Amino acid sequence: MPDIFVGEYLFRRLKQIGIETIFGVPGDYELALLDQVEPQGLAWIGTPNELVGAYAADGYARVKGAAALVTTFGPGELSALCGIGGAFTEKVPVVHIVGYPINALQKSGKILHHTLGDGDHDHYLRISNELSCATTVLRDPATAASEIDRVLNAMLYHSQPGYIGISEDIAYSKVTDEYLNTPLVKVLAPSAPEAEAAAVAEVIKALETAKAPILMVDGGAARPSWAEHVNPLIEALKIPFFVTSMGKGVANEESPYFKGSYAGVGSWPDNANAAVNSSDVILWLGNYPSDFNTGIFTVDVEGKTIIDLQRFSAKIGHVEYDARINYVLPKLVEAFNSHAQLPQLQIQQAKPIPSLAVPPTIEHDWLWNRFSTFLKPGDLVITETGTCQAGIGGTVFPAGVQGWTQTIYGSIGYATGAAAGAAVAAKETGKHKRLVLITGEGSMQLTIQGLTLINRFGIPPVIFVLNNKGYTIERFFRGWTAGYNDVDNWDYGALSKAFSPEVTGVRSFKVQTGAELDELMADEEFNNATYPQIVDMIMGVDDAPSWMKIIFEEKKRRLMAGQDN
Ligand code: TPP
């Protein structure tokens with residue numbers, strides 16, 4: 001018997017998969033739907049625009065496993081799509097719920113507000129098809145519940161965005177609640193048993209016969225879903241491990257086996273690239289060989305045996321198995337927990353440098369090392385695209401820090417929005433005590449309104465703004481002094497206060513010298529604050545982490561030599 005509203009069904013499903021807060025911007029087409037959010041015990045956070053909302057949902061999902069964003073048909077949903085594209089690329093499960101015009105009006109082909117004015121109401125659905133693993137527009141109450149389940153299941157299975165269009169009248173149609181007793185497929189279905197056993201045996205054999213095996217923690221294959229297996233694997237294997245840009249933020253970098261951040265010629269520390277070059281077998285978790293994840297294609301692993309574990313496959317050398325990383329990793333942990341020690345590549349542990357002199361101005365190489373001792377176990381660290389993204393590779397995270405940077409999609413402004421959602425999720429899980437957002441000022445200008453969320457919701461934030469008069473990383477590509485790489489000078493401390501006048505105790509700092517920042521980072525009150533803090537750091541226009549400069553030098557050399565990457 002039909003007995004609950006479609007909207008209620010949808011929100012109860014979201015609750016079942018761990019979503020407690022929904023982000024978005026309302027519009028007349030979905031106001032009725034939104035009336036059903038709070039009665040289902042879900043919180044609503046209205047975001048200053050849909051782009052910030054989409055990034056916030058991405059950040060929330062990376063901490064909690066899934067997230068929901070509600071926008072309105074047309075302008076609202078299109079404004080969110082840059083963020084949804086990022087979630088699609090980086091394999092983050094976000095359901096994008098869009099309020100549609102009344103069903104009968106859609107069918108009539110009349111020209112309605114928020115349409116493209118031609119009576120075709122499927123333009124936006126077609127656009128979202130490109131950025132979602134599954135889409136639906138609910139037009140029939142008889143199939144509404146199964147359609148919602150289909151999209152949510154696909155979202156969880158593929159770990160990518162799903163899209164549900166829902167009109168005002170369908171939101172208030174009745175459906176049976178009996179399907180709610182059948183859980184959604186929360187985790188990836190198991191691998192085929194024989195293929196999995198064969199893959200695990202081959203991985204063990206390849207590591208046992210290796211002369212210098214290493215582990216590479218990368219970010220493909222929907223990293224959050226297998227992150228929990230990484231530290232047990234490191235402890236069981238007891239071989240050197242490295243992290244890539246996309247993989248940073250899940251492994252215990254206080255481990256003696258941590259040897260650095262791998263980005264080809266731009267690896268940190270200096271000896272990390274040579275060490276990887278001298279290995280013969282690499283157990284690679286979620287290999288994702290994009291330009292910015294490989295030091296602009298300077299990774300060279302030709303001739304090595306690569307054990308490539310992905311979400312849906314395991315490849316050892318050239319042989320591929322239907323075995324999934326989430327299932328293979330626990331088996332490897334079990335096998336290596338009691339295994340004889342594998343041969344060791346001799347390379348020192350990557351650690352913060354205790355003796356690095358405080359520079360007169362805030363220099364990159366010093367800054368990223370200083371972050372290593374500023375960060376505390378339990379911090380949640382989100383780093384923006386730009387020089388920060390390269391820089392964070394030179395910071396050693398204390399155990400228990402979770403972090404990430406949007407390496408592949410690289411949309412500037414992402415980090416500020418994602419930080420807002422991640423901080424809300426962290427408050428819900430209780431796993432993290434402090435949010436640390438590290439962003440360039442050029443990036444922050446795109447989503448500065450996110451400050452209103454960061455300062456009001458979630459765990460206490462500390463925001464570091466690298467203020468270097470514009471788009472420094474772009475200057476490295478082209479236009480050292482070009483006006484197109486400049487940005488306006490803003491007062492970030494004043495803005496932090498302006499975006500949340502009702503939050504008491506918001507503090508801001510402007511630091512110009514290494515000594516000022518060093519002192520601030522050592523200050524007890526600053527370290528233990530329970531209120532929002534923002535640090536405007538004045539830095540050199542042309543400074544960058546030395547390991548990033550090496551990548552750009554190599555890029556230039558290749559161009560001069562006529563190579564195409
Ligand atoms: N627009 C979007 C949405 N995403 C992008 N990645 C770009 C433009 C191109 N872009 C990449 S990095 C960057 C730009 C404009 C500059 C970032 O500048 P900033 O945040 O100030 O960091 P900096 O490199 O100066 O430290």
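Every heavy atom of this structure was used, including side-chain atoms; hydrogens, water molecules and symmetry mates were not. Atoms within a ligand are numbered from 1 in the order they appear, just like the ligands themselves. This is a predicted model, so every value here is computed, not measured.
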Subject >> Residues which pass side chain to side chain contact (heavy atoms under 4.5 Å, CB included) with Gln310, listed by chain and number, not counting sequence neighbours >> reply: Ala221, Asn287, Asp308, Ser313
**OP:** With sequence neighbours excluded, tell me which residues meet side chain to side chain contact (heavy atoms under 4.5 Å, CB included) with Lys91.
**Re:** Ser159, Gln160, Ala222
Original post:
Honestly, is Lys427 close enough over Phe457, meaning NZ or CZ under 6.0 Å from the six-membered ring centre and within 45° of the axis?
Top reply: no
**OP:** May I ask you to decide whether Glu254 forms a salt bridge with Lys351, counting only side-chain N to carboxylate O separations under 4.0 Å?
**Re:** no
**OP:** Could you tell me whether Phe552 and Phe477 have their ring centroids closer than 6.0 angstrom?
**Re:** yes
Return all side-chain donor-acceptor pairs below 3.5 angstrom for residues 380-391, not counting sequence neighbours, or 'none' if the list is empty.
{"unit_1": "Glu384", "atom_1": "OE2", "unit_2": "Gly413", "atom_2": "N", "d": "2.9"}
{"unit_1": "Glu384", "atom_1": "OE2", "unit_2": "Tyr414", "atom_2": "N", "d": "3.3"}
{"unit_1": "Glu384", "atom_1": "OE2", "unit_2": "Ala415", "atom_2": "N", "d": "3.1"}
{"unit_1": "Gln389", "atom_1": "NE2", "unit_2": "Thr405", "atom_2": "OG1", "d": "2.7"}
{"unit_1": "Gln389", "atom_1": "NE2", "unit_2": "Gln406", "atom_2": "O", "d": "3.4"}

Original post:
How would you list, by chain and number, the residues with a heavy atom under 4.0 angstrom from ligand 1?
Top reply: Gly386, Thr387, Gly410, Ser411, Ile412, Gly440, Glu441, Gly442, Ser443, Leu446, Asn468, Gly470, Tyr471, Thr472, Ile473, Glu474
